[in-house]
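Positions are given from 1, in the same order as the sequence printed here. Only this structure's heavy atoms are used, side chains among them; waters, hydrogens and symmetry mates stay out.
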Amino acid sequence: QVQLVESGGGLVQAGGSLRLSCAASGHTFSNYDMGWFRQAPGKEREFVAAISWSGYRLYYADSVKGRFTISRDNAKNTVDLQMNSLKPEDTAVYYCNAVLGERPHSGFASWGQGTQVTVSS
């Protein structure tokens with residue numbers, strides 16, 4: 001089964017930047033659209049960004065459009081999320097997974113442990 005390992009989170013001041021990375025085991029990574037999700041305390045997990053299997057189509061939640069950039073490297077089985085101009089409301093645990101549209105692909109992999117992003121004001 002595919003395993004997902006997220007990294008790169010941390011504590012940053014508002015206006016700062018972080019780059020998250022997700023490493024996926026398994027040889028089927030390049031066949032799937034991939035995405036990032038986040039879950040803030042007391043809230044449901046929400047869609048952040050997605051990238052098609054080819055890397056040519058990108059999708060973003062309105063709340064991060066213009067600030068976040070998703071990318072992938074199929075040779076390395078990784079998908080990254082560059083986060084700029086961070087805001088306190090971006091504070092959450094960030095997860096990656098395969099996607100179907102803006103929803104997680106339940107048949108791809110279980111959720112990883114996520115990576116905590118905390119933005120101070």
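Enclosure of atom CD in Q3 is not indicated, since only 12 or fewer non-hydrogen atoms of other residues, nucleotides or ligands lie within 6.0 angstrom. Around the CH2 atom of W53, the shell of radius 6.0 Å holds no more than 12 heavy atoms that belong to other residues, nucleotides or ligands. Heavy atoms of other residues, nucleotides or ligands lying less than 6.0 angstrom from NZ of K76 number 12 at most.
F37 and V5 sit in two unconnected hydrophobic clusters of ILVMFWY residues. Membership requires side-chain heavy atoms under 4.5 Å apart, directly or through other members. Linking Ile, Leu, Val, Met, Phe, Trp and Tyr whenever their side-chain heavy atoms come within less than 4.5 Å puts L58 and F68 in one cluster. Grouping the Ile, Leu, Val, Met, Phe, Trp and Tyr side chains by contacts below 4.5 angstrom, directly or via other members, places Y94 with I51.
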Between Y60 and R67, is a side chain to side chain contact (heavy atoms under 4.5 Å, CB included) present by the stated rule, with each step listed?
-> CA-CA 10 Å; Y60 297 96; R67 300 187 298 121; over 6 Å; no
Go through the steps to decide whether F29 and V2 satisfy the test side chain to side chain contact (heavy atoms under 4.5 Å, CB included), and finish with yes or no.
-> CA-CA 8 Å; F29 176 84; V2 176; over 6 Å; no
Taking it one step at a time, do Y95 and L4 satisfy side chain to side chain contact (heavy atoms under 4.5 Å, CB included)?
-> CA-CA 9 Å; Y95 304 86; L4 301 168; over 6 Å; no
Criterion side chain to side chain contact (heavy atoms under 4.5 Å, CB included) on Q13 and L86, from CA distance to verdict | CA-CA 8 Å; Q13 289 188 332; L86 283 161; over 6 Å; no
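Contact between F47 and G101 at its shortest, heavy atoms only, is CE1-O, 4.5 Å. Looking at every heavy atom in both residues, A14 comes nearest to P88 through CB-CD, 4.1 Å. Across all non-hydrogen atoms, the minimal contact from A50 to V99 is CB-CG2, 4.0 Å. Taking all atoms of both residues into account, the shortest heavy-atom contact from A49 to L81 is CB-CD1, 4.1 Å. Closest non-hydrogen pair, W36 versus I70, comes out as CD1-CD1, 3.7 Å.
Side chain to side chain, D33 and S52 fail the donor-acceptor criterion of an N or O pair below 3.5 Å.
The list of salt bridge (Lys or Arg N to Asp or Glu O under 4.0 Å) pairs with a residue in residues 8-25, not counting sequence neighbours, reads R19-D80. Annotation: side-chain hydrogen bond (donor to acceptor under 3.5 Å, both in side chains) contacts involving residues 40-51, sequence neighbours excluded, comprise R38-E46.
To the nearest 0.5 Å, atoms CD (Q113) and OG (S7) are separated by 8.5 Å.
Classification of K87 and D90 as a salt-bridged pair fails, no side-chain N sitting under 4.0 Å from a carboxylate O.
The main-chain N or O of L20 is never found under 3.5 Å from a side-chain atom of E6 such that the two would form a donor-acceptor pair.
Classification of the Y32-H105 ring pair by plane angle, with boundaries at 30° and 60°, yields perpendicular.
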